Amino acid sequence: MEPLKMIEKDIQPMDVHPMNDILRMDRLPHIWCPGCGIGTAVTAFAAGLDKANIDLKKTCIVSGIGCTGRVAGYIKLDSFHTTHGRGIAFATGIKVANPDLKVIVFSGDGDLISIGGNHFIHAARRNVNMLVICINNFIYAMTGGQVAPTTPLAAYATTSPFGCVEPPFNIPYLADSSGAVYVARWTALHVRRLTNSIAEALNKPGFSVIEVISPCAMYYSRINRLGDGLDMMKFYHDNSEIRHGEDTKNLDIGFQTKIIVGKFVDRERPTYMDSYNKWLSGTKKAEK
Amino acid sequence: MKTNLKAVLTGTHTLSGNEACIEGAFAAGCLFLAAYPIMPAIETIERYLKRSAEVGATFIQMEDEISALAAVIGASWTGKKSMTATSGPGFSNMMEHLGLGVMLETPCVIIDVQRTGPSLGIPNRAGQADMMQARWGSHGDYEVITLAPGSPQEMFDFTIKAFNFSEKYRTPVIVISDEYIAHKKEKVVIPPADGIKITPRRYFKGQKDKYLPFKRDKDFVPRMVDIGDGFKFHVTGLTHDDKGYPIMLEECQEYNVHPILWKIRNHVDEIVEFQETGTVDAEIVIVYYGATSEAAIKAMKQAKDMGIKVGGLKLDVVWPFPDKKIAELAEKVKAFVVPEINYGQIVSEVERCSYGNANVIFVSHGEKGINNTDDIVSAIKLALKEKERKKGIIEYRSQAGSS
């Protein structure tokens with residue numbers, strides 16, 4: 001057989017998109033801008049779901065509000081697009097009411113860390129079994145580029161016209177100190193590593209957090225003169241450093257400084273349902 | 001659904017309103033409570049926990065009331081009947097998710113044990129000043145069902161009714177009690193499990209890929225499924241189509257939101273409930289609900305003893321408001337007397353529905369506590385003396401208070 005024909009035989013034309021089972025194709029095209037990193041993160045998520053080898057029928061996804069808040073609407077699982085910042089609270093209700101379900105919260109930095117900050121730390125403290133994927137683009141993008149609790153010091157936003165004056169949250173440190181059992185950070189460039197992290201965290205019992213640094217080419221990049229999405233990816237390529245197991249205290253991100261990525265926390269702690277069932281079995285024994 | 005026999009505490013008990021409320025919830029099949037501690041609703045949570053292990057019900061104390069109702073709505077989608085309990089300040093926090101519950105059309109029950117306000121008010125004194133908040137508290141257009149029990153027995157009965165309404169119309173339902181009923185202990189009769197009418201959840205029974213979460217039946221009520229049943233549905237708080245996909249067009253706003261109102265408005269006659277006493281030949285009718293019931297009934301008796309033709313209309317369901325009933329009575333009677341533990345809320349609805357056909361006298365129980373029948377009786381006498389049709393609400397001022 002001639003080589004060319006052999007290739008033709010091996011590569012079959014596909015009738016359907018490879019992510020057809022994971023994405024709601026009837027909702028495409030999506031709303032995200034060119035150069036945005038959310039789409040890449042969703043691709044990694046779809047691949048991670050596949051790799052994690054979990055029952056998709058028993059898996060649900062909850063989002064809050066914002067650009068990343070729209071993710072739930074594009075994923076073909078039982079999916080909920082809820083109120084601003086309350087995704088984790090909503091997901092807690094689902095998980096506690098039916099512990100057999102796998103619950104994922106996919107939302108942005110403003111949603112999870114600002115308006116939803118209280119729910120974030122309390123769910124981590126309780127160690128409710130869920131995976132939180134937090135896209136961090138350093139800005140409120142859906143509303144047009146306002147300063148966020150993750151905006152680096154001195155970075156510009158429409159509501160910080162003289163440069164951001166508030167120190168930002170270090171999300172892995174916040175998650176770690178609140179009690180999360182799995183904490184990782186990747187950029188939208190680290191697709192393969194992010195995929196592996198998602199697959200790993202999906203099978204980790206307890207509260208897992210994966211932060212994904214993502215370019216916002218439309219607002220964060222434009223107001224700060226950082227070029228387009230590709231330029232920001234180039235920046236991640238040149239300035240991110242993988243340091244697994246790094247102390248989360250050292251993970252602050254300054255304006256255009258080095259970004260440390262990797263898996264920082266992977267530990268065991270009884271989940272909320274473990275403790276709850278232990279209490280419940282104790283009560284039932286006492287009754288007898 | 002199998003009835004859990006341990007959930008129904010059949011027999012005669014001495015229970016406070018808060019305790020009776022939880023017994024009602026268990027009897028209705030409630031299996032999930034998320035709440036945040038607040039006076040004077042805390043005994044509901046404590047009662048729930050005392051019984052949850054034997055009933056097999058789940059509980060979580062959330063970090064605030066915002067997350068409590070969010071968790072309740074999430075839990076309801078797993079197929080468990082879910083509820084929360086709170087008081088004024090927490091009820092204000094819950095308004096965000098009352099709206100979400102309406103938009104996602106999620107059955108759940110909210111217990112609001114009213115205290116005084118605004119803001120913190122007096123945590124351990126009864127109030128009735130959340131009545132309008134229950135109706136209008138969340139932004140946007142919506143209709144809500146609100147029941148107002150007037151005794152621990154009604155706390156039990158109405159909580160069951162609330163769960164039934166929420167399943168029937170796929171909507172959040174509010175039970176609005178107050179500190180007085182919540183803490184009053186009385187005889188509560190709990191019937192056998194088979195004597196309690198329970199409305200089961202209305203599930204979609206078709207093919208997995210044919211499910212539309214907001215496809216309405218002739219009653220405008222869409223069917224539900226549970227998370228994890230393989231329907232892979234999507235729901236959103238944004239204006240959406242039948243599939244639950246967001247569509248940012250005015251046509252869709254009309255298509256989506258108007259039927260949410262219709263499903264309540266078109267069934268007002270089936271939802272509205274009230275108790276009438278002696279209204280047939282009454283000259284004066286006392287309109288009352290909740291904690292003021294006791295004082296109103298006593299006042300009615302006193303006035304009758306004086307030879308005054310007085311009747312009573314107790315509102316069991318406050319929202320939707322019994323517009324027709326009030327309008328019908330207004331044409332027959334001389335005046336309505338409305339006692340409330342606030343500075344005028346439900347009285348304005350009575351005045352609206354009277355269409356100027358009867359005088360409306362408002363008795364605020366603000367100064368002398370909630371069991372002052374004298375003020376109500378004096379207001380009845382005032383109503384009798386009044387010869388003219390007065391425009392607007394006449395506010396009764398007690399002699400002891402400021403003029």
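Please read these numbers as outputs of a predicted model, since none were measured by experiment.
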Closest-packed option against chain B by number of heavy-atom pairs under 4.5 Å, given A:Arg24, A:Lys76, A:Lys95, A:Lys102: A:Arg24
CD on B:Glu63 to OG1 on A:Thr92, rounded to 0.5 Å: 6.5 Å
Option in A:Ile75, A:Leu56, A:Asp78 with maximal non-hydrogen atom pairs under 4.5 Å from chain B: A:Asp78
Cationic N near anionic O, under 4.0 Å, A:Lys57 to B:Asp229: no
Portion of B:Ala68 that has a non-hydrogen atom of chain A nearer than 4.5 angstrom: neither
Chain B contact via A:Arg70 - side chain, backbone, both or neither, heavy atoms under 4.5 Å: side chain
Which atoms of B:Val72 approach chain A - backbone, side chain, both or neither, heavy atom under 4.5 Å: neither
Close side-chain approach of B:Asp64 and A:His119, heavy atoms under 4.5 Å: yes
Under 4.5 Å from any heavy atom of chain A - which part of B:Ile60: both
Closest-packed option against chain B by number of heavy-atom pairs under 4.5 Å, given A:Gly87, A:Ser63, A:Ser79: A:Ser79
B:Ser52, part contacting chain A, at a heavy-atom distance under 4.5 Å: side chain
Close side-chain approach of B:Pro246 to A:Arg27, heavy-atom, < 4.5 Å: yes
Side chain proximity check, A:Val96 to B:Phe59, heavy atoms < 4.5 angstrom: no
B:Leu104 portion near chain A, given a 4.5 angstrom heavy-atom threshold: side chain
Rounded distance (nearest 0.5 Å) linking atom CD1 of B:Ile66 with atom CD1 of A:Ile115: 7.5 Å
Aromatic plane relationship, B:Trp77 with A:Phe80 - under 30° parallel, 30 to 60° tilted, over 60° perpendicular: perpendicular
A:Arg86 with B:Glu96: basic N within carboxylate O range, under 4.0 Å: yes
CE-CG distance between B:Met62 and A:Asn118, expressed to the nearest 0.5 angstrom: 9.5 Å
